[in-house]
Amino acid sequence: MTTPQRLALRGDLLDFTATPGWGDVDPAGVRWRPDHWLLVEAGRIVGAQPACVDLAGDWVRHEFPGRLILPGFIDTHVHSPQLDVIASYGTELLDWLTTHTFPAEARYAEEAVAHAGAARFLDALLAHGTTSAVVFPTVHKRSVDHLFEAAAERGMRVVAGKILMDRNAPADLCDDVVQAERECTELIERWHGRDRLAYAVTVRFAPTSSPAQLAMAGRLVARHPGVYMQTHLAENRAEVDWVHALFPDARSYLDVYAGAGLLDDRSVFAHGIWLDDADRRALADAGAQIAHSPSSNLFLGSGLFDWRAAEAAGVAVSLASDVGGGTSLSMLRTMADAYKVQALRGERLTAWVALHAATRGAARALRLDAEIGSLEVGAAADVCVWDVAVGAVAQQRHYLARGLHERLFAWMTLGDDRNLVGAWVAGVRRDLT
Ligand SMILES: [Zn+2]
């Protein structure tokens with residue numbers, strides 16, 4: 001596909017200029033620009049103007065009257081090989097790993113499986129309106145190469161790294177400290193900072209890494225400023241008990257990572273359900289983020305994330321599908337599930353807090369807010385066009401909705417990948433296959 005040098009997209013532009021407050025259905029940080037042109041040159045946003053003002057100059061124009069134009073979504077925690085086990089019946093986290101996940105990941109030892117899987121996964125993300133993601137491939141070094149190669153072909157912003165596991169996992173999925181350190185170093189040198197790709201030191205979770213491997217992961221983070229760190233944290237009660245048994249000297253689950261040098265402002269912790277106030281303070285002080293994964297938490301029965309407590313402590317919260325624990329790559333479905341999780345806690349999640357967490361909030365937590373997550377001048381033109389209502393039920397609800405928040409909340413609650421009209425990545429329109 002070729003990049004048109006000057007591209008103009010017409011529709012209703014929506015993004016954020018500030019963090020919306022909890023419960024506020026009309027916050028100042030919502031930037032709503034109905035019927036505007038969004039202007040793109042050489043893959044970057046260069047401006048916006050009302051459609052009623054004559055658009056001067058030579059632009060390749062695409063008109064989407066009445067449709068939403070948003071920044072592409074950012075999924076901050078998702079497992080590429082687990083598309084193969086999405087919607088698997090009958091288990092909680094630890095059994096789920098053994099029964100479904102590890103066999104699926106073991107298949108990625110085969111080059112052809114890893115190659116085809118990476119392409120299928122990234123195309124599926126795009127087809128759901130997600131243009132940036134923080135991804136777990138597998139323990140196999142080549143799974144990372146295939147994922148990054150496929151992301152580069154699509155121009156996508158992907159953060160990923162080889163999974164580290166050296167105990168409490170099947171032998172064919174275990175590495176060792178020396179080999180893993182060598183492979184990670186090679187991968188960081190090959191991929192980190194190339195195109196739109198970034199490396200994340202990727203610890204599956206504390207129980208599957210020895211103290212020596214955790215210490216090695218900490219060394220990698222210290223030695224390579226700018227790399228990310230991703231792992232799971234306090235997802236499930238049996239898991240938390242196991243961590244306490246394996247690391248009796250640690251004050252908490254988070255403390256295991258902190259003690260290994262794995263807690264800083266580039267750390268992405270999936271879940272973070274079973275935390276206490278001291279953990280939340282430590283996360284906030286470090287500038288780390290929680291990748292809240294509501295669909296997965298509901299599906300595996302892991303627990304109800306306390307978003308208010310995280311927010312009150314100043315912890316950044318982003319949104320994540322966590323497929324295959326989660327049951328959809330759609331960030332709209334994920335937001336709808338996040339609303340339900342908060343409802344079960346007696347709280348209400350506005351469409352604004354949810355949308356912000358999947359766009360600018362996630363970008364800021366990743367220190368990438370100059371690049372993704374908004375329609376600001378200078379940002380990459382990672383942009384999606386959405387139908388606000390698909391099907392008779394949603395259309396009737398849309399017709400009856402009063403005010404912007406009500407309309408957007410109905411879209412978020414009823415929408416999915418069928419609502420996606422088009423996706424541009426760095427100004428290039430991608431096929432939705
Ligand atoms: Zn996960």
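When a ligand or atom number is given, it counts from 1 through the structure's own listing order.
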With sequence neighbours excluded, residues passing salt bridge (Lys or Arg N to Asp or Glu O under 4.0 Å) with R44
E371
R167, CZ: over 12 other non-hydrogen atoms inside 6.0 angstrom:
yes
Who pairs with D277 by salt bridge (Lys or Arg N to Asp or Glu O under 4.0 Å), at least two apart in sequence or on another chain?
R280
Around the Zn ion (ligand 1), number of protein N/O/S atoms which are nearer than 2.8 Å
4
Geometric cation-pi criterion R360 and F16, 6.0 Å radius, 45° cone
no
Filter on ring-ring contact (aromatic ring centres under 6.0 Å, His included), then keep only pairs touching residues 185-216, sequence neighbours left out; what's left?
F148-W191
Could you check whether H140 and T138, counting side-chain N and O atoms only, form a donor-acceptor pair closer than 3.5 Å?
yes
